[in-house]
Amino acid sequence: MTSKRAETWTSDMTYHSLYHHDDDEKGLISSNVIDIHDASREQPKTALRKRLSWLHPLVHLLPVIATAGVVQLSFRNIYWADDSHYYKDWQTILQFPAKLHEILIVGSLSAIILHFFRRMLLSSAGIPLGLMVGAFQIGSAEYLFSKSFWKPLQRALWDLRQRRFKVFFITVFLGASIVYSFLVGPASAAALLPNLNWWHMRNPFGHRELQSYIGRKSSELYPLELKITSIDEDCLEVEYWNSLDCPAGGYNALIDWAWTREQEGSWYNVTDSQHYNPTMLSSFSGQAQREIVTGLVAPKENSPTDAAMSATLHASVLALTDAFWHYVNTNTVGKINKVQRPKFIISQGGNVSIPLVQVQCQSYNLGAAINDGDDLTFETGAMISDFSKSGSNAYAGAQWTVPNAAWNYARPEPWNMTNVTWVDTSQIKDAQGQTLPSSFGAVVTVPAVWDRVGSNGTFGYDQGSVITPCVIDARWATTDVSFDVTDPGVSTGLTDWLNTANLTSEKVDVQTALSKWDIGPPIAISLDWVSAINNWGGGFGTTENILQQFVTPFSDDYPELLNFVPTSSSEETWTTVYANGIAIVLSTVIADWVSRTGLANATFTTVLSKVKDGNVDTINLLDQKRPTGFVNMPISSFEDQTGVVYSVERYGWGYGLNSKTIRFSIATLLIHTLLVAAYFVYSFVFWCRAKGWTSKSWGNIGELLALAVSSPPADEFKNTGSGIDKSGTWMTSLRLREAGSDPDKIELVVGTRGGTIIPDSNKLQIDKKYS
């Protein structure tokens, strides 16, 4: 029975070879296929042209123009929108032009590689099969790991020994181009998509600078000598001594800080990122704040204790920033009034310095030291005397003896009192006669409870004291300032670094890290200045009262015994625990005292206009709510004042070069631009030569496949119908030549056809048409 399929199949099912060579005629496989009309067949065409085509550079110019458009966004710091006004779907939409940009660059790259490969096909040596395949696999990671790439690369490396560089450079260029094609897409997306960040504002106050002034000379704000005459007279009165603009104005906040830390039991742990810093309010409105930041610096030399290092913003700069923001926020001054989240910046060269205080201590059992007749010493092995990168350290390796009168004197019984004795260190010298290079010193006595074992073996406790000599080094350090108006804290670069760096780590070189800030010499601080600030405390001094917050009854069974409790750590010796704890308190207190220098009765003024006839319009920021605050005054009035200029950044979406990722992405895109420029120069020079040409032939795998099919078969490719296993096959040279039997035809010559092919013969002619 004949199936329906068989009944309806009327074709000639006889097998025919692709070619039969009887009378050199070629027959088709299926005899019933209708011949293609002559008018529809491919016509002869020119493979190599001398004439330049405008389409040839276009494939390269389009991605270069696109790259220019993308990178100019970052170079010009284009700002898109504030965060709340940004349409988040733009992050997705912009992926499409980024992908198109990638396609254009990869297309340009492919065209460059094809040009070189065409030249190799037409050259005497030809091109290895493996490389020719790679010309059509730009973007293929698989090709990089195939024999078709690695075999030519290995051969090229061997050819280097014979000083044959051409194949090596072409192979490396092909591999690098494939890797580069992987980077182009992410680079284009990174450069084209806006980033959420802080961006500099141009002309935030219109065309005015709005320079502000603190009514003090720089030498008064940041003096290198502090004595009692440096303190405003009002701050020596009982009614005003702890007002915010006096040196002791942070007393109440420091009491709260010490009490809180003692209650939490972790106040000492300044290496913990969650540690609590005392916060000081602005004397203008109390809304802006500054933190006193402290870190422990591990010694480089053999020293038993760490040094406490504290820094805080100058109180005058805090008050000025607070008052300036209030004026800008309540008046129309320019584009800044439309910004959702501005940040005010004072650059590092903007006349702002802050106190940087180092304190290192060493603790002793007071009773044992007196009974044994010991000499007490100031420990300085963890302190730094020269903050330049290669500066020597006068503190290291020296021993300084504490004056006997500063600690060895009669004390009332029991020894449960907290006391601070200030020491003038300017006369203290080491064994080599070198003067202790510090601001001043202190000897701190705090209560402690000692174990006692009686002669009959009974166990008990005795009230005693720990005595702790400390060296205090206070300096001025120039730094930048920033104020994000959504956060009350006004910060500096130096305090931010000190707050986050673990200075006890061996990986941190504190001296080198601090060298980027200009840190001056130690401030000469007289004991009358210290005593005048410390003497307010209701019987106790202010520093003693702060230290007293850490004094608690020893236990419920011994309520009469008092003990200073600096830490709950059990990993360090008690001498280190006491010394480090007291150093932290002293450095914090002294940093706050010094930061308020020159603040009392200081004026804050902002210039609102350009100079006209020697005068300018100004606003007294302390009187800005009243009409009397606006005054026209001579510009010369500010010659003895400290000027401050605020720049502004805004938080939102924009373009810039402020991240390594963006800089890398732009560099990646510009590589293609440089490559195209070099290629244009090379191509023009090549075209100008007598044998120079242009071509658009064999630009895709289809055209090359058609040429291969129409060329004679090659013995070199025998048994490759289902794949290639041998590495040597990939090294077979391919050349394009005129057919020996028909010069009007082009054939793909594989190898040398058993030695019958002469490499320099039958080369293609320029402007000649081939069938």
Side-chain angles (χ1 to χ4, degrees), residues 15 17-19 21 29 106 109-162 164-182 697-737 739-740 745-759 762 764:
Y15 173 78
S17 300
L18 180 60
Y19 298 109
H21 300 285
I29 295 176
V106 172
L109 199 61
S110 298
I112 293 173
I113 292 174
L114 280 171
H115 173 80
F116 289 119
F117 282 20
R118 284 190 189 101
R119 286 201 63 187
M120 294 184 71
L121 277 169
L122 299 173
S123 68
S124 300
I127 183 173
L129 171 64
L131 290 187
M132 193 64 237
V133 171
F136 303 100
Q137 299 201 59
I138 301 298
S140 171
E142 182 181 0
Y143 173 72
L144 285 180
F145 297 96
S146 66
K147 292 180 180 179
S148 56
F149 175 75
W150 280 102
K151 186 60 180 180
L153 179 60
Q154 291 171 0
R155 179 61 178 271
L157 292 172
W158 174 261
D159 286 348
L160 283 179
R161 301 181 182 181
Q162 311 300 322
R164 293 195 292 266
F165 304 108
K166 186 175 182 179
V167 175
F168 172 76
F169 287 132
I170 289 294
T171 307
V172 171
F173 180 65
L174 175 61
S177 298
I178 294 175
V179 174
Y180 177 74
S181 70
F182 302 152
S697 299
W698 320 296
N700 58 67
I701 192 66
E703 292 183 353
L704 195 65
L705 182 60
L707 175 62
V709 170
S710 64
S711 299
D715 291 338
E716 286 85 349
F717 290 165
K718 187 177 181 179
N719 300 323
T720 60
S722 58
I724 298 176
D725 292 330
K726 301 295 184 180
S727 299
T729 306
W730 292 112
M731 284 303 300
T732 304
S733 294
L734 305 181
R735 300 177 183 85
L736 294 182
R737 294 292 186 271
K745 289 185 61 178
I746 299 175
E747 64 180 14
L748 181 64
V749 178
V750 180
T752 61
R753 290 185 183 169
T756 62
I757 299 298
I758 301 175
N762 298 340
L764 274 60

* First locate atom CD1 of I178, then atom CG of L144, and finally report the distance between them rounded to the nearest 0.5 Å. => 4.5 Å

* Find the distance between CD1 (I112) and CZ (F117) and round it off to the nearest 0.5 Å. => 12.5 Å

* Please identify each residue that fulfils side chain to side chain donor-acceptor pair (under 3.5 Å) with S123, with sequence neighbours left out. => none

Contacts under 3.5 angstrom, residues 128-141 side chains, donor-acceptor by atom type, not counting sequence neighbours:
| residue | atom | partner | partner atom | Å |
| --- | --- | --- | --- | --- |
| S140 | OG | Y143 | N | 3.3 |

* Structure fact -> d(N700 CG, S110 OG) to nearest 0.5 Å is 11.5 Å

* Separation of I113 CD1 from S177 OG (nearest 0.5 Å) -> 3.5 Å

* What's the spacing between F116 CZ and L174 CG if we round to 0.5 Å? -> 12.0 Å

* Looking only at heavy atoms, what is the nearest atom pair of R737 and L122, with distance? -> NH1-O, 3.7 Å

* **Passing candidate, side-chain contact (heavy atoms from CB on, under 4.5 Å) with W698, options L114, L705, I746** => I746

* Asked: How far does CG of L748 sit from CG of L707, to the nearest 0.5 angstrom?
  -> 5.0 Å

* Between R735 and G751, is there a donor-acceptor pair closer than 3.5 Å when you use the side chain of the first and the backbone of the second? -> yes

* **Chi angles and distances behind the side chain to side chain contact (heavy atoms under 4.5 Å, CB included) call for L734, V750** => CA-CA 5 Å; L734 305 181; V750 180; 3.9 Å; yes

* To do: Kindly indicate, with the supporting measurements, whether the criterion side chain to side chain contact (heavy atoms under 4.5 Å, CB included) is fulfilled by I170 and I127.
  => CA-CA 10 Å; I170 289 294; I127 183 173; 5.6 Å; no

